[in-house]
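Notes to accompany the following structure.
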Number of protein chains: 2
Amino acid sequence: MNLFQMNKNELEAFKNETEAQYNDFKALGLSLNMSRGNPCKEQLELSLGMLNVFDDGNFKSENGVDVRNYGMLDGIPEAKKFFADMIGVSDDEIIIFGNSSLNAMFWTVQTAYNKGVLGATPWSKLDKVKFLCPVPGYDRHFKVTEFFGVEMINIPMTATGPDMDMIEKLVAEDDSIKGIWCVPQYSNPDGISYSDETVKRFANLKPAAKDFRIFWDNAYCIHHLTENPTVILNILDEAKKVSNEDIVYIFGSTSKITFPGAGVAVMGGSKKNIDELKKYLGISIISYDKMNQFRHVKFFGNFEGMCKHMDKHREIIAPKFDHVCEALEKEITPLGIGSWTVPEGGYFISFNSVDGCAKRIVQLCAEAGVTLTGAGATFPYGKDPDDKNIRLAPTYPSMDELKKAMELFIICVKLASAEKLLAE
Amino acid sequence: MNLFQMNKNELEAFKNETEAQYNDFKALGLSLNMSRGNPCKEQLELSLGMLNVFDDGNFKSENGVDVRNYGMLDGIPEAKKFFADMIGVSDDEIIIFGNSSLNAMFWTVQTAYNKGVLGATPWSKLDKVKFLCPVPGYDRHFKVTEFFGVEMINIPMTATGPDMDMIEKLVAEDDSIKGIWCVPQYSNPDGISYSDETVKRFANLKPAAKDFRIFWDNAYCIHHLTENPTVILNILDEAKKVSNEDIVYIFGSTSKITFPGAGVAVMGGSKKNIDELKKYLGISIISYDKMNQFRHVKFFGNFEGMCKHMDKHREIIAPKFDHVCEALEKEITPLGIGSWTVPEGGYFISFNSVDGCAKRIVQLCAEAGVTLTGAGATFPYGKDPDDKNIRLAPTYPSMDELKKAMELFIICVKLASAEKLLAE
């Protein structure tokens, strides 16, 4: 029975029953973590072969440079070719970074902030800098712009991507808007892939600020949960068609392909953008870890090899996503106390509770031993205006643990919803 | 015969003879690089065993964290203990970074610039920020402060370290002086180790600016060229004695211990400093490469193991330093046209030519196929006021190549000196 159709007595009874179930759970003393999009152990094992690729004794890049030594600031040539295929650029439109695309994004914002973009005034010298933030979104993006004192403006997500009408209007009017955070394929946390129209509208944006940049974090570009995935349009190609190719910075990494702590991060964009950034890169580092770049290239051989590797990831994690969606469908749908996305890729399921319940649900879960992403984290400044969005990350726990965690999560959703409705 | 005692005819004859030797060299079509402090191939081979340490199948840090996954922002506990011994701090006074201490230094300056130091005004909000730069020094240090628009003030080096009278006076008077770049053991390029008195005076500095920091880049802390080396005083210990421990940031790395492209960089300092920096670190990265941290700890076992490893480096490179010094002594001393340091460690020999000859010497070498560090690079803004300092990096070439390169270098010094004296 739908919780909204219950009378007070029915709600009280429902609450008491749920509370008893909750207390039973608490007594189990669980300790599970579903807070971050961490791969599980079985996924990590898939890349173990990468650790032995140097058994061949070959440390020479195709250009003759010993990858163990200094040099090759922007990456070894074979890594540039390999990762160019992954993010859809050519090998002179890419920089190979270290193990973290977040670090590459931070550095890029830092460069714009301290040095400006293609000759424009450094953002640090402006009275006001604003970024558009599709919500819900990735907490760590928001933390970067918050660090630099950027004002963040929420943009609602739709089924085809962020609200483009709103974005087009805002960037045309306000030249203090300097950027937007996007996760275009399998967005974090909604799992939404931007439609062709959305990508084209991004590629055609005409911002008042010439130094406006789209931070296109294509973190989940080959992280499919279905066998025949739809892949988004190539934004750089679309932007080139209208001579607008400087508008986008593209990011990607192998954090969820090989090892999250020891992957390779990359950045792509127009040659003009990349050439400028390379000029500054050598001030902050001599070279990134080229041995790890070479490891990746040797292990996968080519882009196709990496895509086949992703099939193995899918076989491990797709059943976990299926379980979460099925459990929610079975338990929550009849009660009418939540909605969620059924993603075709990426790392998250985005759950929306009854308004005003997210914090309470996360708290209840925590007190019974299951850590979720903090409520509000998916919004700038950690402030979810409706206190309803919770990001579920099902990959890390084992299937048994996940089942237990979801049982608890559902009980907490029920309990928090009943409390909320009774208080109204 | 000393060149300064020659008459014009003798000088002309000397110049013509040297020029003929130079042209013979040019005809050889050499292509050698002595510009950077790169380890040679034999040195890189010393660490190959590090690539197989995971054959034991153990990826768990002592705290149970899988080093292949996300987490442990400031480093795995065994790496903290291990590297704390290297830079002379305790394991709660250290952050383990990625593969580059330059990157850690850039990030630290960036943090001071954008966020301030322990509550002080961010440097970006001040009209003027100045750094003291002992000269000659490390070009990449100077590039970092130049990037942020910091005004750099030259401080002369002495045989016991930078001119402390000058430093004490300047920092006491001027609160816009926010930092100093130091390479305290085997300074780059002079190879000077700071005396106990110098270290104590640094530890006792009383700057007008409360957010003044010593950037103590102890890059060559265990990079000895002698069997019984003198090690500098521990600055953090000295500063603690006078409750001044927040004044110093200490940096180090294994770039010249294991692999320059794939080593581990670290930073140490007072708990208060390190705790503040850790707070900001998570905004720019989720975690550094913990697999590589674990590789280092597993390979060396403990600090003593790493020191023994350094003996093997010494055996390879000490003869190269000896050769450079002997060749200069034999050929240059009688002519009186240069002086140089005889370092007991580190990676460089600092050569001082007749005033006004350094650029010409480097140019002559380049035109005959030997690349040296650019003249002027060892000074802020690339400006050597006397145009005399040249940094020689003898480690990378083979002994045969080094002998050839030094023959050429000496010919170029002779030729440039003769040209100079004739033009006066």
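Every chain is numbered from 1 and lettered A, B, ... according to where its sequence line falls, protein lines coming before strand lines.
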Check [X] against [Y] and note the closest heavy-atom contact, atom names and distance.
X	Y	result
B/Pro39	A/Tyr70	CD-CE1, 4.3 Å
B/Ser100	A/Ser284	OG-O, 4.4 Å
A/Gly261	B/Ser287	CA-OG, 4.3 Å
A/Arg140	B/Ile285	NH1-O, 4.3 Å

Flag the pair [X] / [Y] as yes when at least one side-chain heavy-atom distance between them is below 4.5 Å, and no otherwise.
X	Y	result
A/Leu48	B/Arg68	yes
A/Ile283	B/Leu102	no
B/Arg295	A/Leu51	yes

Atom group of B/Phe106 that falls short of 4.5 Å from chain A, counting heavy atoms: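 When you check distances to chain A, only side chain atoms of B/Phe106 fall under 4.5 Å.
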
Side chain / backbone / both / neither for B/Asn99 at chain A, heavy atoms under 4.5 Å: side chain

Flag, side chain of B/Asp289 to backbone of A/Ala262, donor-acceptor distance under 3.5 Å: no

B/Lys115 side chain vs A/Phe147 backbone, donor-acceptor pair below 3.5 Å: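 Side chain of B/Lys115 to backbone of A/Phe147: a pair is present.
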
Inter-residue atom distance B/Asn69.CG - A/Lys256.NZ, 0.5 Å rounding: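 That separation rounds to 9.5 Å.
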
From OG (A/Ser101) to CD1 (B/Ile286), nearest 0.5 Å: 7.5 Å

Among B/Gln43, B/Lys125, B/Lys143, B/Gln110, residue most engaged with chain A (heavy-atom pairs, under 4.5 Å): B/Gln110

Part of A/Asn114 within contact of chain B (heavy atom distance under 4.5 Å): side chain

Portion of A/Phe54 that has a non-hydrogen atom of chain B nearer than 4.5 angstrom: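 Contact with chain B is through the side chain of A/Phe54 alone.
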
Max heavy-atom pair count under 4.5 Å with chain B, selected residue of A/Glu45, A/Lys290, A/Met105: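 Of the options given, most contacts go to A/Glu45.
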
